[in-house]
A.B. asks: 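Quick one: this structure, given as structure tokens, is what I'll be asking you about.
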Amino acid sequence: QVHLVESGGGLVQPGGSLTLSCAFSGGTFRDYHIHWFRQGPGKEREFVGRVDVWGDYTSYADSVKGRFTISRDNAKNAVYLQMNSLKDEDTAQYYCAAAVRLVTQAVAIPYWGKGTLVTVSS
């Protein structure tokens, strides 16, 4: 079955950068759109962005537009979330998730990683 594993989380200062990775296995990677969600302390899980099966089209939440970039490498079965100009409000557990459709509702996505924690603090 499909498995997703996030990595790259850690502590970063406001204004800094961090890149998260999502490794995919157990299925045909090219069949799945990859979504990123996050859940901050005491907050609801929210959509961050997504990339289509080819890596040609991306979409982002307004809160991260211009700062975050999603890419994928189908040869490596991997997706990346590059985060720049990080803010305190970006502190959250970040999850990658796979679905055959591009969606923003978490309940519609069948496959999830365990998440990786990003803490933005001085």
Side-chain angles (χ1 to χ4, degrees):
Q1 61 180 358
V2 171
H3 296 278
L4 298 161
V5 180
E6 304 92 339
S7 62
L11 177 65
V12 62
Q13 293 185 337
S17 298
L18 200 64
T19 298
L20 306 182
S21 298
C22 174
F24 177 101
S25 63
T28 303
F29 184 56
R30 194 162 42 129
D31 288 344
Y32 291 89
H33 308 288
I34 304 298
H35 304 68
W36 286 94
F37 283 77
R38 68 185 183 186
Q39 187 167 18
K43 299 180 179 179
E44 299 289 332
R45 185 169 297 187
E46 65 175 347
F47 170 76
V48 174
R50 60 195 177 200
V51 61
D52 77 325
V53 295
W54 299 108
D56 293 333
Y57 302 98
T58 55
S59 182
Y60 303 93
D62 288 342
S63 60
V64 305
K65 283 182 180 177
R67 299 188 299 119
F68 290 13
T69 302
I70 299 172
S71 61
R72 70 188 290 162
D73 186 341
N74 284 349
K76 296 182 179 295
N77 287 6
V79 175
Y80 307 98
L81 176 63
Q82 182 179 345
M83 304 180 292
N84 299 321
S85 301
L86 285 162
K87 306 173 181 179
D88 290 349
E89 64 197 69
D90 294 319
T91 294
Q93 186 87 346
Y94 283 75
Y95 303 87
C96 63
V100 297
R101 288 182 278 172
L102 291 165
V103 299
T104 56
Q105 292 78 29
V107 295
I109 303 175
Y111 304 112
W112 293 80
K114 297 293 185 181
T116 186
L117 181 63
V118 173
T119 302
V120 184
S121 177
S122 59

A.B. asks: Between Tyr60 and Phe68, which heavy-atom pair has the shortest distance, and what is it?
C.D. replies: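 For Tyr60 and Phe68, the tightest heavy-atom pair comes out as CE2-O, 3.4 Å.
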A.B. asks: Would you mind reporting whether Pro14 and Asp88 have side-chain heavy atoms less than 4.5 Å apart?
C.D. replies: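 They are in contact (side-chain heavy atoms under 4.5 Å apart), so the answer is yes.
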A.B. asks: In terms of the angle between their ring planes, are Tyr32 and Tyr111 parallel, tilted or perpendicular, with boundaries placed at 30° and 60°?
C.D. replies: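 Tyr32 and Tyr111: perpendicular rings.
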A.B. asks: Working note: Gln105 + Phe47, criterion side-chain contact (heavy atoms from CB on, under 4.5 Å); need CA distance, chi angles, decisive distance, verdict.
C.D. replies: CA-CA 8 Å; Gln105 292 78 29; Phe47 170 76; over 6 Å; no
A.B. asks: Within a strict 4.5 Å, meaning less than it, do heavy atoms of the Leu20 and Thr116 side chains meet?
C.D. replies: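 Side chain of Leu20 against side chain of Thr116, heavy atoms only: contact under 4.5 Å found.
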A.B. asks: Answer yes or no: is there a side-chain heavy-atom contact under 4.5 Å between Arg67 and Asp90?
C.D. replies: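 A side-chain contact under 4.5 Å exists here.
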A.B. asks: Can you measure from OG (Ser63) to CD (Glu89) and round to the nearest 0.5 angstrom?
C.D. replies: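 Going from the OG atom of Ser63 to the CD atom of Glu89 covers 7.0 Å.
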A.B. asks: I'd like to check Met83 versus Tyr94 (side-chain heavy atoms, cut-off strictly below 4.5 Å). Are they in contact?
C.D. replies: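 They are in side-chain contact.
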A.B. asks: Using atom types as modelled and distance alone, determine if a side-chain donor or acceptor of Gln93 lies under 3.5 Å from a backbone N or O of Val118.
C.D. replies: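 Absent.
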A.B. asks: To check you understand the geometry: which heavy-atom pair defines the closest contact between Ala98 and Pro110, and what is its length?
C.D. replies: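 In terms of heavy atoms, the two residues are closest at O-CD, 3.4 Å.
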A.B. asks: With a 4.5 Å limit on heavy-atom distance, are the side chains of Trp112 and Cys96 in contact?
C.D. replies: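 A side-chain contact under 4.5 Å is absent here.
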A.B. asks: Can you find a pair of side-chain heavy atoms, one from Val48 and one from Tyr95, that are under 4.5 Å apart?
C.D. replies: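 Heavy-atom side-chain distance check fails, nothing below 4.5 Å.
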A.B. asks: Are any side-chain N or O atoms of Asn74 and backbone N or O atoms of Val53, one a donor and one an acceptor, separated by less than 3.5 Å?
C.D. replies: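 Side chain of Asn74 to backbone of Val53: a pair is present.
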A.B. asks: Atom NE2 in His35, atom CG in Leu102: separation rounded to 0.5 Å?
C.D. replies: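 Nearest 0.5 Å value for the NE2-CG distance: 5.0 Å.
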A.B. asks: Rounded to the nearest 0.5 Å, what separates atom CZ in Arg50 from atom CH2 in Trp36?
C.D. replies: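 One gets 16.0 Å once the value is rounded to the nearest 0.5 Å.
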A.B. asks: How long is the straight-line distance from OG of Ser17 back to CG of Leu86, given to the nearest 0.5 Å?
C.D. replies: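 It comes to 6.5 Å.
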A.B. asks: Step by step, would you call Ile70 with Tyr80 a side-chain contact (heavy atoms from CB on, under 4.5 Å)?
C.D. replies: CA-CA 6 Å; Ile70 299 172; Tyr80 307 98; over 6 Å; no
A.B. asks: Quick check: do Gln82 and Asn84 have side-chain heavy atoms less than 4.5 Å from each other?
C.D. replies: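 The answer is yes, as the side chains (C-beta and beyond) meet within the 4.5 Å cut-off.
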A.B. asks: Determine yes or no for a side-chain-to-main-chain donor-acceptor pair under 3.5 angstrom, with Asp73 supplying the side chain and Ala78 the backbone.
C.D. replies: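 The answer is no, because no donor-acceptor pair under 3.5 Å joins these two groups.
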A.B. asks: Taking C-beta and beyond as the side chain, do Thr119 and Val12 meet within less than 4.5 Å on heavy atoms?
C.D. replies: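 Not touching, per the 4.5 Å side-chain cut-off.
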A.B. asks: Do any N or O atoms from the side chain of Arg101 and from the backbone of His33 form a donor-acceptor pair under 3.5 angstrom?
C.D. replies: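 Between the backbone of His33 and the side chain of Arg101 there is no qualifying donor-acceptor contact (under 3.5 Å).
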A.B. asks: Any link between Val5 and Leu117 through a network of hydrophobic side chains (Ile, Leu, Val, Met, Phe, Trp, Tyr) touching at under 4.5 Å?
C.D. replies: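 Not linked; separate clusters.
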A.B. asks: Might you point out which heavy atoms bring Ile34 and Val79 nearest each other, and give the distance in Å?
C.D. replies: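 Heavy-atom minimum between the residues: CG1-CG2, 3.4 Å.
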A.B. asks: Can you name the nearest heavy-atom pair linking Val51 to Thr58, along with the distance?
C.D. replies: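 Nearest pair, atom of Val51 first, then Thr58: CG2-CG2, 3.8 Å.
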A.B. asks: Provide the closest heavy-atom pair for Arg38 versus Ala92 in the form atom of the first, atom of the second, distance.
C.D. replies: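 Shortest heavy-atom separation between Arg38 and Ala92 comes out as CB-CB, 3.8 Å.
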A.B. asks: Looking at Ala106 and Arg45, what are the two nearest heavy atoms and their distance?
C.D. replies: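 The answer is CB-CD, 4.4 Å.
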A.B. asks: Can you check side-chain contact (heavy atoms from CB on, under 4.5 Å) on Leu11 and Ser121, steps first, answer last?
C.D. replies: CA-CA 7 Å; Leu11 177 65; Ser121 177; 4.1 Å; yes
